[in-house]
Amino acid sequence: MKMSQLFVQTLREDPSDAEVVSHKLLVRAGYIRKLTSGVYNYLPLMQRVLRKIENIVREEMDAKGAQELLMPFVQPEELWQESGRWDVYGKELMRLKDRHDRGMCLGPTHEEVITFIAREGIRSYKQLPVNLYQIQSKFRDEIRPRFGLLRGREFIMKDAYSFDFDQKGMEVAYEKMADAYTKIFLRCGLETRAVQSDSGAIGGSVSHEYMVLTNTDAGENDVLYCDKCSYAANTNHATSKMLKAVVDGGFAKAEKVHTPNVKSIDDLAAFLKVEPSVICKSLVYIADSKPVLALIRGDKAVEEVKLMNAVGANEIRIATEGEIKELMAQSGFDAVPGFIGPEGLKGITVVADNSVGELKNFIIGINETDYHLVGANFGVDVTGPCELHDIRLAQKGEGCPDCDGHLLITKGIEVGNIFQLGTKYSAAMGATFTAENGEEKPFIMGCYGIGITRTAAAAIERYHDDWGIIWPIAIAPYHVVVTPVNVKDEQQIETAQKIYEELKIQGVEVVLDDRDERAGVKFKDADLIGFPYRITVGKTITEGLVEFKARNSSDIQKISADDAVSKIVEIVKNIK
RNA sequence: CGGGAUGUAGCGCAGCUUGGUAGCGCACCUCGCUUGGGACGAGGGGGUCGCACGUUCGAAUCGUGUCAUCCCGACCA
């Protein structure tokens with residue numbers, strides 16, 4: 001491709017609406033342009049990058065025996081009614097009506113459609129296992145699209161779905177995908193960590209997220225990982241061994257204590273001269289519009305996602321002061337937040353964190369403003385029904401749950417995600433097969449996603465410098481740019497052209513910068529766009545020498561034109 | 001949806017307080033000159049100032065409304 005023909009417009013300045021480096025560089029270097037919020041045009045350079053990533057994904061998926069298909073982007077409401085997600089999915093699901101007033105939606109994911117396909121096509125266990133995937137645009141009407149391609153509303157995703165006749169088979173499929181994912185990201189030049197995660201609205205039990213660990217704002221997920229073993233988990237899911245703490249308040253008897261205007265845990269601990277860990281903190285949440293009282297040790301925090309899962313809700317938020325007041329009134333109290341406790345409360349689910357179970361002679365609110373109970377004990381002073389769950393936010397420095405290491409925290413960009421779904425969709429939608437014993441059984445499913453566009457953006461977050469993008473060669477739009485410094489110099493342009501033709505013949509993806517521009521402009525553009533290699537044909541051509549430079553290094557080698565060609569050919573041959 | 005901000009040429013911005021012929025840099029076109037890290041000179045094209053209503057002799061500027069975009073939070077590949 002000649003640079004003079006390539007459809008690309010580079011910008012000198014960062015676009016005003018871009019915040020993170022991948023977004024800025026993709027726009028500046030002419031890869032993408034915004035069409036509307038969270039929706040981007042992928043220009044020719046971008047399309048080449050996406051194709052490269054997609055092809056790596058295809059090769060690794062096919063290697064695991066998965067088969068590519070393509071499902072519709074628009075889906076009928078009925079299917080979502082069958083799975084139950086029409087009501088659950090929320091506003092991210094872009095709903096529309098066709099001319100006959102039938103409900104439709106833009107596909108945010110394809111569990112419903114694939115289950116429909118399996119229900120129609122798979123009758124017998126003999127047809128299993130099957131793994132089907134597609135690479136396609138998805139649409140999720142995100143509350144707040146941001147960060148360019150990292151969180152668009154429309155994005156390209158590879159989604160795969162496995163079908164098995166038993167749990168064991170599904171676990172094998174899951175492991176295969178896990179293996180494929182590690183390879184895919186590695187081939188894209190990205191080291192990832194498989195972290196345990198919450199499975200959210202998609203459902204299922206076991207799931208892992210593939211994270212590119214980056215300590216930048218662009219990493220939207222907080223990841224806790226062990227400094228010793230391979231344990232890693234999203235903070236919304238992580239568990240930890242707690243380090244030793246005082247759990248016995250040491251009070252000889254239960255006693256109501258006047259604590260005027262002492263509302264926070266820190267103030268209360270200071271006021272009573274005790275460790276925060278012997279206080280039982282009571283927090284009121286609203287989960288799917290129902291009130292929930294969460295009890296947790298005073299020195300720890302509640303992880304809302306865990307709490308939400310514990311009560312089987314889809315939405316959760318902390319209660320407002322007004323709601324708390326109302327709740328108090330219902331049970332005949334009028335305490336203000338800071339003095340709330342479980343005892344005597346009516347019409348509320350009480351969930352206690354496991355950590356609370358160890359407490360003895362502790363301190364707790366009793367729904368009386370300006371008073372707390374010290375020396376409280378379960379079964380004596382706290383008598384209501386109460387479920388024990390892990391609802392605690394694991395924190396940095398705590399013990400690894402799997403070994404004797406400690407947890408560290410970092411940010412991560414989630415580029416892939418694998419779930420063991422089980423029968424959630426197949427059972428709901430009546431997708432069954434005939435088992436060996438003649439029984440009709442629902443498929444055991446798994447689903448596996450990779451954000452193609454997000455992977456490209458993550459690669460830029462990971463590999464760039466002040467001048468522009470530094471693509472890993474496997475996903476670069478072109479392998480090399482040949483830059484004649486002065487196109488009016490016949491020897492330079494002729495040599496450059498020869499190198500260009502030769503490389504093309506050898507199957508190298510090459511751009512010839514044949515523009516009548518000054519060298520500085522060409523170099524700046526080449527660095528910004530991020531060609532992995534550059535062959536510069538300049539003054540030294542009179543001695544038969546050209547320059548060879550890698551984008552990720554400042555070294556410049558002066559070599560013969562022939563050597564430059566064979567060097568590039570060698571490099572390209574070794575791309576996996 | 002809650003909190004904050006911004007809409008003026010393809011991009012980045014000034015002008016608005018104090019209403020009176022719409023500006024600057026980059027990009028683009030022509031000519032000259034230049035050719036190793038975003039040169040220079042001369043000339044040129046391009047904007048119903050987000051949209052609507054109002055105030056006024058007159059609105060980019062003042063008022064009201066509306067739409068869009070971005071940032072901070074809850075959602076997720």
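Proteins come first, then strands; the chains are lettered A, B, ... in the order of their sequence lines, and each starts at number 1. Everything numeric in this text was worked out from a predicted model, so none of it was measured.
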Tell me which nucleotide, if any, is Watson-Crick or G-U wobble paired with B/rC26 when both distances must be under 3.5 Å. B/rG10
Considering every strand and a 4.0 Å limit on heavy-atom distances, what is the contact class for A/Lys488: base, sugar-phosphate, or nothing? base
Pairing partner of B/rG73 (Watson-Crick or G-U wobble, both distances under 3.5 Å): B/rC1
Below 4.0 Å: OP1/OP2 of B/rC76 and any side-chain N or O of A/Arg144: no
Between B/rA27 and B/rG20 - P atom distance, rounded Å: 32 Å
Would you check if A/Phe523 stacks with the base of B/rG36, given a 5.5 Å centroid limit and a 30° plane limit, both strict? no
Please give, in whole Å, the distance from B/rC26 C1' to A/Arg28 CZ? 12 Å
Would you say A/Thr453 reaches B/rA77's phosphate, i.e. side-chain N/O to OP1/OP2 under 4.0 Å? no
Would you indicate which nucleotide in B/rG36, B/rU69, B/rC72 comes nearest to any side-chain atom of A/Ser37? B/rU69
For A/Ile143 and B/rC71, give me the distance from atom CD1 to atom P, rounded to whole Å. 14 Å
Salt-bridge present (A/Asp555, A/Lys549; N to O < 4.0 Å): no
Please measure how far the P atom in B/rG3 lies from the corresponding atom in B/rU66, and state the result in whole Å. 14 Å
Using a strict threshold of under 4.0 Å (side-chain N to carboxylate O), is an ion pair present between A/Asp353 and A/Lys300? no
If you measure from the P atom in B/rG15 to the same atom in B/rG50, how many Å do you get, rounded? 15 Å
Walk me through whether A/Glu59 and A/Arg187 qualify under salt bridge (Lys or Arg N to Asp or Glu O under 4.0 Å). CA-CA 11 Å; A/Glu59 285 173 24; A/Arg187 284 183 62 185; 2.9 Å; yes
Side chain of A/Phe155 (C-beta onward), nearest among B/rA77, B/rC76, B/rU34: B/rA77
Is B/rU64 paired to anything, Watson-Crick or G-U wobble with both distances less than 3.5 Å, and if yes, which nucleotide? B/rA52
What interatomic distance, in whole Å, is found between C1' of B/rG25 and the corresponding atom of B/rU64? 36 Å
5'-most contact on RNA chain B: A/Asp516 or A/Asp14, nearest heavy atom basis? A/Asp14
In whole angstroms, how far is the P atom of B/rG37 from the CD1 atom of A/Ile556? 11 Å
Return the value, rounded to whole Å, for the distance between atom CG of A/Asn234 and atom C1' of B/rC75. 13 Å
Base, sugar-phosphate or nothing for A/Gly449? Non-hydrogen atoms, less than 4.0 Å. nothing
Rounding to an integer number of angstrom, what distance separates B/rC29 and B/rG46 when you compare their P atoms? 16 Å
Distance test, side-chain N/O of A/Thr36 to OP1/OP2 of B/rU69, below 4.0 Å: yes
Give none if B/rC40 has no partner; otherwise give the nucleotide forming a Watson-Crick or G-U wobble pair with it, both distances under 3.5 Å. B/rG32
For the side chain of A/Gln9 and the base of B/rG10, is some donor closer than 3.5 Å to an acceptor across the two? no
Counting only side-chain nitrogens and oxygens, does A/Lys34 get under 4.0 Å of the OP1 or OP2 atom of B/rC70? yes
Separation of atom NZ in A/Lys524 from atom P in B/rG38, rounded to whole Å: 6 Å
Kindly indicate whether the side chain of A/Asn486 and the base of B/rG36 share any N or O donor-acceptor pair separated by less than 3.5 Å? no
Given the C1' atoms of B/rA5 and B/rG43, what is the spacing between them in whole Å? 41 Å
If the threshold is 4.0 Å, N to carboxylate O, is there a salt bridge linking A/Lys290 and A/Asp288? no
With the side chain of A/Glu92 defined as its heavy atoms from C-beta on, choose the nearest nucleotide among B/rU69, B/rU34, B/rC75. B/rC75
Under a 4.0 Å N-O cut-off, is there an ion pair linking A/Lys411 with A/Glu461? no
Can you check whether A/Pro484's main-chain N or O pairs, donor with acceptor, with A/Gln492's side chain at less than 3.5 Å? no
Just compare B/rC72, B/rG38, B/rG37 and give me whichever is closest to any side-chain atom of A/Arg146. B/rC72
May I ask you to say what A/Pro15 touches in the nucleic acid, namely base, sugar-phosphate or nothing, with a heavy-atom cut-off under 4.0 Å? sugar-phosphate
Please give the distance between the C1' atoms of B/rC1 and B/rG38 as a whole number of Å. 44 Å
Using the six-membered ring of A/Phe523, assess whether NZ or CZ of A/Arg534 lies under 6.0 Å from its centre and within 45 degrees of the ring axis. yes
Have a look at A/Glu304 and say if it touches a base, only the backbone sugar-phosphate, or nothing, with a 4.0 Å heavy-atom cut-off. nothing
Using atom CZ of A/Phe7 as one end and atom P of B/rG10 as the other, report the distance to the nearest whole Å. 15 Å
Under 4.0 Å, counting only non-hydrogen atoms across every strand here, what does A/Arg534 touch: a base, just sugar-phosphate, or nothing? base
Please determine whether a side-chain nitrogen or oxygen atom of A/Ser16 lies at a distance below 4.0 Å from atom OP1 or OP2 of B/rU6. no
As its Watson-Crick or G-U partner within any shown strand, both distances under 3.5 Å, B/rG47 has none
When all nucleic acid strands are considered with a 4.0 Å heavy-atom cut-off, which category describes A/Leu528: base, sugar-phosphate, or nothing? base
For the P atoms, the ones on B/rG23 and on B/rC16, what distance do you get once it is rounded to whole angstrom? 15 Å
Keeping A/Lys158 on the side-chain end and A/Glu54 on the backbone end, is there a donor-acceptor pair under 3.5 Å? no
Counting the atoms with a prime plus P, OP1 and OP2 as sugar-phosphate, which does A/Glu142 contact under 4.0 Å by heavy atoms, base, sugar-phosphate, or nothing? base
If the threshold is 4.0 Å, N to carboxylate O, is there a salt bridge linking A/Glu543 and A/Lys558? no
Sugar-phosphate, base or nothing in reach of A/Asp527, heavy atoms under 4.0 Å: base
Which nucleotide, in any strand shown, forms a Watson-Crick or G-U wobble pair with B/rG19, with both distances under 3.5 Å? none
Ignoring the backbone of A/Thr10, work out which of B/rA77, B/rG38, B/rC70 is nearest its side chain. B/rG38
Within 45° cone and under 6.0 Å: A/Arg454 NZ/CZ vs A/Phe155 ring: no
What is the distance, to the nearest angstrom, from the NZ atom on A/Lys549 to the C1' atom on B/rG37? 11 Å
Which comes earlier along RNA chain B counting from the 5' end, the contact point of A/Arg515 or that of A/Val415, where each point is its nearest nucleotide? A/Arg515
Shortest side-chain distance from A/Leu11, nucleotide among B/rC72, B/rU69, B/rC11: B/rC11
Quick check: any donor-acceptor pair below 3.5 Å linking the side-chain of A/Arg12 to the base of B/rG10? no
Check every strand shown and say whether A/Gly152 touches a base, only sugar-phosphate, or nothing at a heavy-atom separation below 4.0 Å. base
Separation of B/rG38 atom P from A/Trp467 atom CH2, nearest Å, is 9 Å
